[in-house]
Amino acid sequence: MHIAMVGSGYVGLVSGACLADFGHNVVCVDSDQKKVESLKAGKMPIYEPGLAELVANNVRHNRLSFTTDLVGSVGKADAVFIAVGTPSRRGDGHADLTYVYQAARDIAAGLDGFTVVVTKSTVPVGTGDEVERVIREARPDADFAVVSNPEFLREGAAIDDFKRPDRIVIGIEDPRAETVMREVYRPLYLNRAPFVFTSRRTSELTKYAANAFLATKITFINEVADLCEKVGANVQDVARGIGLDNRIGGKFLHAGPGYGGSCFPKDTQALIKTAQDYDAPIRIVETVSAVNDQRKRAMARKVFAAFGGSARGKTIALLGLTFKPNTDDMRDSPAIAVVTALQDGGAKVHAYDPEGMEQAKLVLDGLTYFNDPYSCCAGADALVIVTEWDEFRALDLTRVKSLLTSPVMIDLRNIYDPAEMARRGFAYSDVGRGGKLAV
Ligand SMILES: NC(=O)c1ccc[n+]([C@@H]2O[C@H](COP(=O)([O-])OP(=O)(O)OC[C@H]3O[C@@H](n4cnc5c(N)ncnc54)[C@H](O)[C@@H]3O)[C@@H](O)[C@H]2O)c1
């Protein structure tokens with residue numbers, strides 16, 4: 001099949017490369033000329049494990065190419081995917097669909113023969129209807145079907161998620177599109193991956209319901225962690241104790257600094273807005289979003305507590321800036337709120353992240369960046385772990401202790417053992433494990 005992927009960001013590039021790997025002929029389109037040039041030169045614009053190799057291999061086999069020419073890429077395509085960004089709209093939190101509709105107009109201009117237009121971007125209920133209307137208005141003569149096929153991949157594990165998905169959700173209104181979509185995902189179909197064929201609106205809502213549910217699970221355990229701190233219980237044991245119940249499941253029950261990233265914050269907001277517009281408010285998600293927003297900044301209070309209530313004049317070493325490990329994505333990372341709150345409280349911040357520092361420099365000011373965890377700790381008054389990169393799980397703690405001016409560690413990801421940290425002489429605090437700071 002010939003496939004055009006419109007938008008070559010985290011989702012478009014991974015999806016395009018994986019579809020090429022399935023044997024399709026894929027052209028990845030992006031309006032960002034620099035991005036396309038860098039891709040053509042074999043340089044990945046994002047960090048995602050395994051992506052550079054996957055892209056190089058499929059380019060070598062002439063199954064994958066890159067262009068800025070959207071209109072020209074559509075004519076030959078059997079399926080055109082829309083994988084552009086749908087950020088929060090400034091001011092009201094609705095999903096900003098400007099990029100989606102612009103892509104739809106450009107696609108309309110290039111359509112030639114029956115083509116399936118697939119929305120992979122996360123879009124509110126009814127966007128598929130509007131995409132169809134936009135294309136129909138521009139090209140009353142065109143033969144096309146608009147499909148919803150939301151993406152569930154996780155950054156950091158994106159290739160595996162795309163190739164071995166828990167499910168593929170496809171919303172169609174025109175039965176001809178089903179044949180094309182089965183062919184697009186043929187290898188997964190043959191491997192008996194679960195397909196959910198449904199209506200377009202159901203498919204669109206399914207994506208938001210999934211993200212809102214996961215955000216709720218995280219926020220639930222975070223609030224349980226807060227209670228654990230007050231009553232002297234251990235949230236990790238609570239999470240295990242409830243997670244072993246199959247009805248609950250153990251995933252997404254890790255207490256921490258609150259969820260961030262390019263999806264959960266904006267998708268919960270967009271769902272809240274849609275639900276309010278349709279007079280069916282989802283109050284539980286409204287609360288989840290509000291609780292999570294406050295939580296990220298509140299994490300800085302754990303640092304202030306380590307110094308008797310104020311960290312003014314202190315230097316804080318911060319490890320991990322991205323919203324999770326194995327990505328360079330800084331969008332809505334909890335680290336942004338933590339760093340800002342520390343700076344507002346008069347502290348200086350030293351920071352290190354294995355992949356995120358270039359992106360961090362675009363959103364955070366006034367930090368000093370270091371090239372490894374140890375130089376970051378040197379001369380600092382406390383160490384804060386914000387993102388659980390593997391390389392932070394096995395730090396040389398003797399060395400860390402000798403580099404810090406006082407042995408204070410605030411572990412926002414619960415990766416160290418409170419008892420061992422106490423044995424090593426650290427004043428150690430965590431999230432919800434009763435690890436009380438005694439400085
Ligand atoms: N990042 C994730 O983990 C993830 C997971 C599932 C779903 N999603 C959803 O997928 C969509 C894309 O997310 P992303 O993280 O890949 O975004 P991104 O910002 O990384 O990539 C979007 C790309 O689209 C390009 N673009 C915008 N308008 C264009 C146009 N008219 N023509 C061609 N290119 C255009 C941009 O230049 C950019 O490179 C969003 O709706 C997001 O919610 C993201």
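Note that ligands are numbered from 1 as they come in the structure, with each ligand's atoms numbered from 1 the same way.
- At least one heavy atom of K207 sits under 4.0 Å from some atom of ligand 1.
- Set against the non-hydrogen atoms of V6, the atoms of ligand 1 under 4.0 Å away are 32 (N), 33 (C).
- Residue-to-ligand polar distances place R331 within reach of ligand 1: an N/O pair is separated by less than 3.5 Å.
- Which parts of ligand 1 touch K35 is read off a 4.0 Å heavy-atom cut-off, strictly below it: atoms 38 (C), 39 (O).
- Here the protein heavy atom with the shortest distance to atom 11 (C) of ligand 1 is V84 O, 3.3 Å.
- Note: an N/O pair closer than 3.5 Å links S31 and ligand 1 by distance alone.
- Near K266, with a cut-off below 4.0 Å to any heavy atom, the atoms of ligand 1 are 42 (C), 43 (O).
- Within the listing of ligand 1, atoms 1 (N), 2 (C) sit less than 4.0 angstrom from a heavy atom of S262.
- Proximity of P334 to M299: side-chain heavy atoms (C-beta onward) are nowhere separated by under 4.5 Å.
- Atoms of ligand 1 found under 4.0 Å from any heavy atom of G85, numbered from 1 in the order shown, are 22 (C).
- Scanning the protein heavy atoms around atom 5 (C) of ligand 1, the nearest turns out to be L153 O, 3.5 Å.
- Ion pairing of K34 with D32 is absent here, as no side-chain N (NZ or NE/NH1/NH2) approaches a carboxylate O to less than 4.0 Å.
- More than 12 heavy atoms of other shown residues, nucleotides or ligands fall within 6.0 angstrom of atom CZ in F114.
- If you check which protein heavy atom lies closest to atom 24 (O) of ligand 1, you get G7 CA, 3.4 Å.
- For atom 36 (C) of ligand 1, the closest heavy atom belonging to the protein is D30 OD1, 3.5 Å.
- Nearest protein neighbour of atom 1 (N) of ligand 1, counting heavy atoms only, is E155 OE2, 2.7 Å.
- Nearest heavy atom pair, residue Q33 against residue T68, reads CA-CG2, 4.0 Å.
- Residue E151 approaches ligand 1 through these ligand atoms, each under 4.0 Å from one of its heavy atoms: 6 (C), 7 (C).
- In this structure, atom 21 (O) of ligand 1 lies nearest to the protein heavy atom G9 CA, 3.2 Å.
- In the displayed structure, R136 atom CZ is contacted under 6.0 Å by more than 12 heavy atoms of other residues, nucleotides or ligands.
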Check against side-chain hydrogen bond (donor to acceptor under 3.5 Å, both in side chains), D106 and Q102: CA-CA 6 Å; D106 290 344; Q102 184 55 50; 3.2 Å; yes

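- Around the NZ atom of K76, the shell of radius 6.0 Å holds no more than 12 heavy atoms that belong to other residues, nucleotides or ligands.
- Contacts with ligand 1 closer than 4.0 Å are made by no heavy atom of A158, backbone or side chain.
- Atom numbering of ligand 1 starts at 1 in the shown order; those under 4.0 Å from a heavy atom of L70 are 32 (N).
- You'll find the side chain of V147 reaches within 4.5 Å of the side chain of I170, heavy atoms only.
- Residues E48 and L13 have side chains not in contact (no heavy-atom distance under 4.5 Å, counting atoms from C-beta outward).
- Annotation: D329 places no N or O atom under 3.5 Å from an N or O atom of ligand 1; distance criterion only.
- For atom 9 (C) of ligand 1, the closest non-hydrogen atom of the protein is T122 OG1, 3.4 Å.
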Residues Y428, D417; criterion side-chain hydrogen bond (donor to acceptor under 3.5 Å, both in side chains); working and verdict: CA-CA 9 Å; Y428 174 83; D417 173 22; over 6 Å; no

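- Nearest non-hydrogen protein atom to atom 8 (N) of ligand 1 is V11 CG2, 3.5 Å.
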Intermediate values then yes/no, side-chain hydrogen bond (donor to acceptor under 3.5 Å, both in side chains), H94 and D277: CA-CA 10 Å; H94 268 286; D277 280 358; 3.3 Å; yes

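- Distances below 4.0 Å separate heavy atoms of T86 from the following atoms of ligand 1: 40 (C), 41 (O), 43 (O).
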Step-by-step salt bridge (Lys or Arg N to Asp or Glu O under 4.0 Å) determination, R200 to D129: CA-CA 8 Å; R200 201 160 59 198; D129 304 355; 2.9 Å; yes

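- In this structure, E388 and F392 have side chains that are not in contact, with every pair of non-hydrogen atoms separated by 4.5 Å or more.
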